[in-house]
2 protein chains.
Amino acid sequence: MTIRSQGVRLLARKISRRGGSIVTIHDVAQHVGVSPMTVSRVINAEKNVREETRKKVLEAIKVLNYSPNMAARSLASQDSTRVALIYSNPSMSFLSEFLLGILQQSSQSGCQLLIESCEGPEGVADVLDKLRTVGVDGVILPPPLSDSTRVAKALKDMKLPFVGVATSRPLPDVSSVSIDDFKAAFAMTSRLVALGHKRIGFIKGHPNSFYSELRYNGYVEALTKAGIKVDQACVGQGYFTYRSGFDAAESLLSRPDRPTAVFASNDDMAAGAVATAHRLGLEVPDDVTIVGFDDTSMASSVWPELTTVRQPISDMAALGLKMLLEQIKSKRQGQALKPVHEIRDFAIIERQSSSAPVPDAEVGRK
Amino acid sequence: MTIRSQGVRLLARKISRRGGSIVTIHDVAQHVGVSPMTVSRVINAEKNVREETRKKVLEAIKVLNYSPNMAARSLASQDSTRVALIYSNPSMSFLSEFLLGILQQSSQSGCQLLIESCEGPEGVADVLDKLRTVGVDGVILPPPLSDSTRVAKALKDMKLPFVGVATSRPLPDVSSVSIDDFKAAFAMTSRLVALGHKRIGFIKGHPNSFYSELRYNGYVEALTKAGIKVDQACVGQGYFTYRSGFDAAESLLSRPDRPTAVFASNDDMAAGAVATAHRLGLEVPDDVTIVGFDDTSMASSVWPELTTVRQPISDMAALGLKMLLEQIKSKRQGQALKPVHEIRDFAIIERQSSSAPVPDAEVGRK
DNA sequence: GCTGGAAATGGTAGCGCTATCATGCTTGGT
DNA sequence: ACCAAGCATGATAGCGCTACCATTTCCAGC
């Protein structure tokens with residue numbers, strides 16, 4: 001029996017390799033008493049397999065501790081998908097989490113990854129050129145690129161499927177996964193109100209950014225709902241950088257009727273605001289509560305650690321890649337691309353930079 | 001001719017797939033007029049190929065824009081190496097760069113990656129257990145794990161090859177890639193001296209950490225060499241955290257004879273020190289120069305941006321992975337593991353947080 | 001009970017590459 | 001000049017999996 005003798009030869013190899021962990025689809029098939037094809041079908045969740053058979057196979061897979069060989073799979077299925085990840089100067093800590101998610105997913109789905117950084121508008125063109133020559137099957141975009149209509153258009157012209165992660169403005173014909181920035185800002189502001197804050201400042205993000213606007217809108221809505229009037233003197237303009245938060249906070253916090261809480265629309269600006277508070281001799285959170293948005297590493301490295309809104313970045317990235325792979329698959333099957341918009345839940349992380357407002361008398365005592 | 005008809009079939013596929021970019025080793029071979037084997041040899045830089053042939057092949061590869069199919073390669077060579085990356089709470093921004101390097105290398109060498117995070121000593125045991133069951137071929141360790149003798153011992157017991165990146169204390173029998181922390185600290189301190197600083201403070205890192213010590217030694221050596229006596233009053237103890245830098249700087253900077261420059265042994269502490277300076281009403285760098293170490297994202301997100309020592313993290317990570325893969329290979333061939341220690345060059349990045357000391361009179365003018 | 005067609009399963013032939021051995025073609029020592 | 005030794009190259013056989021088609025099984029409907 002050819003198969004058997006082959007099996008023996010294999011066995012000899014197995015031992016010399018990674019601790020016996022080379023269990024193939026054949027082993028599983030043999031164990032159950034079906035053909036490898038059937039096992040393959042079960043693995044790929046194809047239909048046309050009797051429920052009973054499927055169960056037996058799944059059990060055998062568990063017993064034998066089988067895990068499919070990605071290389072073989074992608075070779076056989078001609079499905080060596082190459083996905084490009086283009087980033088442009090995001091917060092490094094954001095990227096880090098993002099990469100973790102992407103990595104997890106990509107090793108699971110056995111796709112090749114191409115990481116490209118690009119700076120400035122020409123950078124984008126260069127990178128796209130490169131993608132064209134190298135040949136990729138899809139692109140995944142972290143912010144801020146995920147919000148760029150220019151990039152979106154270019155990719156559409158190239159007929160490349162792509163998914164934006166953490167986009168604020170889901171373009172109608174582009175798939176994306178994000179959180180509800182408006183709702184998150186609303187929730188955070190409401191939380192501050194609930195703590196007892198009446199004068200709540202806000203530091204806006206970059207005016208070009210749509211999610212900057214969403215966050216601001218959430219803030220306004222929450223105040224309005226709480227019956228608090230929005231005072232433009234309490235709203236500062238920032239650009240998502242530490243420095244801009246630093247500066248914006250200065251004008252907010254040096255006012256005699258300074259806010260008792262400041263909501264910065266990202267963590268870098270919040271950290272800058274904390275620095276300003278300290279410089280002005282204000283304690284955080286005793287004299288002023290400062291909260292951020294994103295829960296980047298900055299939020300937990302500064303002191304006091306920032307209360308902030310957390311996006312499940314790594315999950316979102318993984319999901320985004322998964323969506324992208326699905327799109328690529330369906331594109332190959334000639335199906336039209338139906339854009340999907342996934343919304344993930346955010347969470348408010350309470351750390352040491354926020355508290356209920358402390359009455360003046362008490363603060364003065366210090 | 002079978003091969004030819006096969007080629008035709010292939011061609012039909014090519015068109016339907018990723019924009020014609022499926023050039024195989026056969027195409028290259030045919031183009032040159034040699035066998036696929038020879039091409040394979042050239043690709044893998046094996047010897048026993050005539051220089052003339054090699055050249056022709058390389059040229060054809062370029063002309064045809066061939067790039068090897070990783071899946072096929074790792075399938076054929078039975079070399080589906082799985083490498084685990086275990087990290088434990090490093091600076092996120094460090095991880096980010098680290099991952100970038102790893103990613104680049106891993107997609108180039110077609111190895112599977114397993115990312116695991118672990119917290120605390122039990123965490124390590126759990127993760128190692130997992131590695132055992134999943135089956136990995138090697139482990140790559142970013143700091144601080146790369147410095148852990150406990151982890152090193154555990155991995156050695158499992159007979160798993162591993163490489164530590166950015167280790168300070170290259171264990172004699174463990175491969176590693178790092179920079180010369182001592183030399184870097186020496187260089188940075190000397191730079192401060194060259195700027196004209198006489199009283200230079202230092203904030204130490206965590207006392208458990210060996211590289212913390214190396215950096216301190218570099219500082220001491222540089223001062224000594226410059227004929228400046230080390231004043232223990234100018235040396236603060238930190239723990240690599242922002243907060244600890246904040247606190248340590250307070251005692252250094254509130255002294256009447258405060259140092260005109262402070263060298264913190266990482267960026268987080270330097271950022272904390274900047275915050276303290278601001279809080280004390282000191283301008284950076286006019287009143288006090290503050291420099292860090294590592295060039296994490298923190299360094300360029302705070303304001304003023306930090307002058308710091310940069311490690312080529314992403315390069316180091318890539319190199320580390322490459323070394324690891326080589327070790328795995330040679331282990332499979334039954335060769336003994338010879339630990340290798342690679343040293344990469346660091347660079348001093350000058351940003352806005354450092355300058356020559358400003359004479360008292362001038363400062364007073366402000 | 002028999003037939004037709006759908007559902008379930010199996011067989012075969014590679015995916016692109018490399019390990020291995022076989023084969024030519026050089027060398028150089030005697 | 002002859003043969004062992006060495007080098008450059010080629011032919012063959014899979015790696016583990018899946019696409020595709022062939023076959024078997026099953027059951028509805030007459």
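Numbers restart at 1 for each chain; the letters A, B, ... are given by sequence-line order, proteins then strands.
Here dA19(C) presents its C1' atom at 13 Å from CD1 of Ile25(B), a figure rounded to the nearest Å. If you measure from atom CG of Asn69(A) to atom C1' of dG16(D), you get 6 Å, rounded to the nearest angstrom. Summarising the geometry, the separation between NE2 on His26(B) and C1' on dT18(C) is reported as 11 Å, rounded to the nearest angstrom. Atom pair Gln30(A):CD and dG16(D):P shows a separation of 14 Å (rounding to whole Å applied). Distance, Lys56(B) NZ to dT9(D) C1': 12 Å, rounded to whole Å. Note: CG (Asp27(A)) to P (dG16(D)) measures 9 Å, nearest angstrom.
Taking each heavy atom of Cys118(A) and Ser88(A) in turn, the nearest pair found is O-CB, 3.1 Å. Closest heavy-atom contact between Ser175(A) and Lys338(A): OG-O, 4.1 Å.
Under a cut-off of 6.0 angstrom, the local environment of CD in Glu46(A) is crowded, with over 12 non-hydrogen atoms contributed by other residues, nucleotides or ligands.
Look at Arg73(B) and you won't find any side-chain N or O under 4.0 angstrom from OP1 or OP2 of dG16(C).
The pair Asp126(A)-Lys130(A) does not count as a salt bridge, with every side-chain nitrogen at least 4.0 angstrom from each carboxylate oxygen.
Taking only side-chain atoms of Leu75(B), from C-beta outward, the nucleotide of dT18(C), dG16(C), dT18(D) with the closest atom is dG16(C). Closest approach to the Ser77(B) side chain among dC17(C), dA19(C), dA19(D) is made by dA19(C) (side chain taken as heavy atoms from C-beta onward).
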Pairs under 3.5 Å (N/O, protein and nucleotides 8-11 of chain C):
from: dA8(C); atom 1: OP2; to: Asn48(A); atom 2: OD1; distance (Å): 3.0
from: dT9(C); atom 1: OP1; to: Arg50(A); atom 2: NH2; distance (Å): 3.1
from: dT9(C); atom 1: OP1; to: Thr53(A); atom 2: OG1; distance (Å): 2.8
from: dT9(C); atom 1: OP2; to: Arg50(A); atom 2: N; distance (Å): 3.0
from: dG10(C); atom 1: OP2; to: Ser35(A); atom 2: N; distance (Å): 2.7
from: dG10(C); atom 1: OP2; to: Ser35(A); atom 2: OG; distance (Å): 3.1
from: dG10(C); atom 1: OP2; to: Thr38(A); atom 2: OG1; distance (Å): 2.7
from: dG10(C); atom 1: O6; to: Arg41(A); atom 2: NH2; distance (Å): 2.7

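When Thr38(A), Val42(A), Asn44(A) are each tested for a side chain to side chain contact (heavy atoms under 4.5 Å, CB included) with Ser40(A), only one passes: Asn44(A).
In this structure, the separation between CD on Glu342(B) and CE on Met323(B) is 5.5 Å, given to the nearest 0.5 Å.
Heavy-atom nearest nucleotides on DNA chain D were determined for Asn44(A) and for Ala72(B), and the one closer to the 5' end corresponds to Ala72(B).
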